[in-house]
Amino acid sequence: MHQRDAVFHLFYRSPPFGGRHVVAAGLETALQWLDGFALDDSDTDYLRTVTGNNGRPLFSDAFLEELRTLRLQIDLDAMPEGSIAFPHEPLLRVRGPLWQCQWIETALLNTINFQSLIATKASRVRDVAGTDHVLEFGLRRAQGIDGAMSASRAAYLGGCDATSNVLAGKTFGIPVRGTHAHSWVMSFDSELESFEAYAAAMPNNCIFLVDTYDTLQGVRHAIQVGKKLRQSGFQMVGIRLDSGDLTGLSIKARRLLDDAGFEDAAIVASNDLDENSMLQMKAAGSPIAVWGIGTKLVTAYDQPALGGVYKLAAIADANGELNPRIKLSETDIKTSVPGSLQVRRYFENGTAIGDIVYSDTIGPPETPLAASPSGIRDPHDLSAADSWEDLLIPILRRGKQVADLPTLVQSRERAAVERLRLNPRLRKLEDAPPYRFGLEMRLGKLRDEMIDAARTSTMSNSKTQETT
């Protein structure tokens with residue numbers, strides 16, 4: 001059976017952070033892994049040492065030899081990075097030999113789940129920030145170097161303007177921004193001396209960290225050095241607050257800066273911030289203009305896993321014809337959708353009003369009606385739509401790339417555009433209204449029929465066993 005064609009979908013069931021959607025990310029990283037997929041002698045040598053519970057080799061020599069020559073022959077369709085995805089919609093559709101589709105499951109989930117989670121968190125921060133600048137400051141708190149690099153990439157895609165991670169800047173072309181540390185100030189005999197030394201060393205990047213000792217006195221020292229910078233033909237970029245009552249201190253600092261003629265000097269804030277604390281501070285009148293978001297962004301602090309899954313949806317029979325498959329569960333949300341699926345998004349005057357998941361084998365929607373994921377009762381009517389687009393596009397065919405991938409900057413721009421195509425109410429941090437998405441009516445009917453048939457078969461087998 002291992003060479004029979006199969007179809008798998010990667011999707012998530014519940015949106016994170018109390019929101020309604022996810023920003024798809026990680027596709028380029030996943031493709032880099034797929035492109036380099038190959039096992040060498042060291043891999044098969046290791047697998048020879050893996051034993052079963054009787055102490056004997058778990059894998060046959062014939063199987064290991066086949067692994068050495070394995071080259072992926074899969075087809076991959078995907079939502080482009082930066083796309084908005086709703087629950088139960090495939091972000092990826094994989095088709096190919098069954099064992100190859102199974103082999104790549106973990107790598108795809110590891111990559112897509114994490115980067116989509118961080119990109120989604122960043123997009124929420126971006127929405128609250130508005131026109132303010134957002135800096136990703138999470139390197140020191142990230143989950144290892146590999147997690148830090150993925151987080152920096154995803155955070156930029158999701159809407160951050162720059163990163164403090166210089167390696168991510170080099171690797172991905174992300175703008176890099178940063179300030180000096182408290183240790184810089186503490187290394188000198190006085191705060192004023194430390195600011196003067198920093199201005200002499202880096203006059204075109206002067207953001208002074210002012211809260212090492214006394215915050216408002218630190219602002220005054222920054223102003224004093226800022227005046228000397230002006231005399232030398234440079235400008236103080238701003239100050240950074242990293243502790244205390246950031247709202248109150250930013251208001252007082254703004255007043256000091258403005259009174260001294262530094263109206264253009266920005267106030268940068270950091271210290272375990274996220275979209276929720278930013279929203280509260282902005283509502284309280286904080287004049288902070290640049291937000292350094294670290295720990296709670298790169299670790300997805302309030303929900304550290306997306307929970308995306310990768311499920312078999314169809315498999316070819318001996319004649320090569322695809323037959324749908326369904327996974328049942330006593331929990332409705334875990335019952336899968338059968339068939340080779342596509343997602344069609346409907347728009348009214350440029351605003352997304354609903355999605356329909358349909359099966360390629362059944363055909364696209366005949367009418368703009370969407371059954372709920374749990375059944376065909378009370379369908380969503382999307383007849384007000386004046387346009388639509390299918391979201392999954394061809395990426396690989398028989399393991400070879402057939403699409404030109406966008407740059408990271410282009411994916412970031414896509415994420416920004418896609419957010420704006422949503423109803424603003426759907427971007428609320430809490431209590432956003434439901435988005436209308438569901439199954440094409442014939443697919444919904446097939447799903448219901450397969451659920452009933454599977455449960456009837458299970459009950460019949462159970463009664464047969466009891467009789468026996």
Side-chain angles (χ1 to χ4, degrees), residues 125 129-140 152 155-156 160-170 173-273 278 281 286-294 297:
V125 171
T131 58
D132 295 347
H133 280 259
V134 179
L135 312 180
E136 181 267 301
F137 268 9
L139 177 58
R140 298 177 184 181
S152 292
Y156 182 65
C160 290
D161 296 292
T163 179
S164 64
N165 183 346
V166 181
L167 182 57
K170 174 189 174 185
I174 303 172
V176 291
R177 298 288 185 272
T179 70
H180 64 74
H182 288 110
S183 60
W184 174 275
V185 177
M186 296 165 64
S187 299
F188 293 85
D189 291 335
S190 71
E191 181 179 67
L192 181 59
E193 183 184 353
S194 75
F195 288 178
E196 289 173 337
Y198 190 72
M202 206 169 286
N204 59 350
N205 190 48
C206 281
I207 300 176
F208 297 110
L209 181 57
V210 297
D211 69 335
T212 305
Y213 304 119
D214 179 281
T215 299
L216 295 181
Q217 186 59 34
V219 176
R220 297 185 183 97
H221 286 154
I223 290 170
Q224 190 172 339
V225 177
K227 291 179 178 178
K228 292 182 180 179
L229 276 169
R230 278 183 174 170
Q231 295 172 359
S232 302
F234 296 96
Q235 289 293 329
M236 176 174 64
V237 178
I239 63 163
R240 176 180 158 208
L241 306 174
D242 190 50
S243 61
D245 174 9
L246 295 180
T247 299
L249 289 171
S250 64
I251 292 172
K252 294 175 182 177
R254 181 77 272 159
R255 189 177 301 122
L256 289 172
L257 290 167
D258 291 350
D259 288 348
F262 289 94
E263 295 89 349
D264 293 334
I267 298 178
V268 183
S270 54
N271 189 25
D272 287 339
L273 301 176
M278 290 169 60
M281 293 165 65
S286 171
I288 293 168
V290 182
W291 305 85
I293 314 296
L297 171 57

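In this chain, residues are counted from 1 in sequence order.
The heavy-atom pair separating V176 from G169 by the smallest distance is CG1-CA, 3.8 Å. Taking every heavy atom of both residues into account, A162 and R177 meet most closely at CB-CG, 3.5 Å. In terms of heavy atoms, A222 sits closest to M236 at O-SD, 3.4 Å. Considering every non-hydrogen atom in both A253 and L216, the closest pair reads N-CD2, 4.3 Å. The minimum heavy-atom distance between E136 and A155, with the atom names listed, is CG-CB, 3.9 Å. Scanning both residues, S250 and S286, for their nearest heavy atoms gives OG-OG, 3.1 Å.
More than 12 heavy atoms of other residues, nucleotides or ligands shown are found within 6.0 angstrom of CG on D272. Heavy-atom neighbours of D259 CG from other residues, nucleotides or ligands within 6.0 Å: above the threshold of 12. Annotation for R230: atom CZ counts as buried by contact number, over 12 foreign heavy atoms lying within 6.0 Å.
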**Report entry** Test log, rule side-chain contact (heavy atoms from CB on, under 4.5 Å), inputs F137 and L297
**Finding:** CA-CA 9 Å; F137 268 9; L297 171 57; over 6 Å; no
Run the numbers on L273 and L246 for side-chain contact (heavy atoms from CB on, under 4.5 Å), then give the verdict.
CA-CA 10 Å; L273 301 176; L246 295 180; 3.9 Å; yes
- What do the steps show when you test V225 against K227 for side-chain contact (heavy atoms from CB on, under 4.5 Å), and what is the final call? CA-CA 5 Å; V225 177; K227 291 179 178 178; over 6 Å; no
Could you check T179 against F208 for side-chain contact (heavy atoms from CB on, under 4.5 Å), going step by step and ending with a plain yes or no? CA-CA 7 Å; T179 70; F208 297 110; over 6 Å; no
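A donor-acceptor contact under 3.5 angstrom links the side chains of D242 and S270, judged on distance only.
Put simply, the side chain of Y198 does not reach to within 4.5 Å of the side chain of V185, judged on heavy atoms. The closest side-chain heavy-atom distance from H182 to D211 is below 4.5 Å. You'll find the side chain of M281 stays beyond 4.5 Å of the side chain of M278, heavy atoms only. Between Y156 and P175 the shortest side-chain heavy-atom distance falls below 4.5 Å.
Distance CZ/F262 to CG/L229: 8.0 Å, rounded to 0.5 Å. Between atom CD1 of residue I293 and atom SG of residue C160 there is a gap of 7.5 Å, rounded to the nearest 0.5 Å. Atom-to-atom distance recorded for N271:CG and R240:CZ is 9.0 Å, nearest 0.5 angstrom. Taken to the nearest 0.5 Å, the OH atom of Y213 stands 8.5 Å off from the OG atom of S190. The line from CG of D214 to NE2 of H221 is 9.0 Å long, rounded to the nearest 0.5 Å. Expressed to the nearest 0.5 Å, how far CG of D132 lies from CD1 of I267 amounts to 11.0 Å.
Although no hydrogens or angles enter the test, the distance criterion places a donor-acceptor pair under 3.5 Å between the side chain of H180 and the main chain of L209. The backbone N or O of L135 lies less than 3.5 Å from no partner atom in the side chain of D161, so there is not a single donor-acceptor pair. Distance alone, capped at 3.5 Å, places no donor-acceptor pair between the N165 side chain and the S152 backbone.
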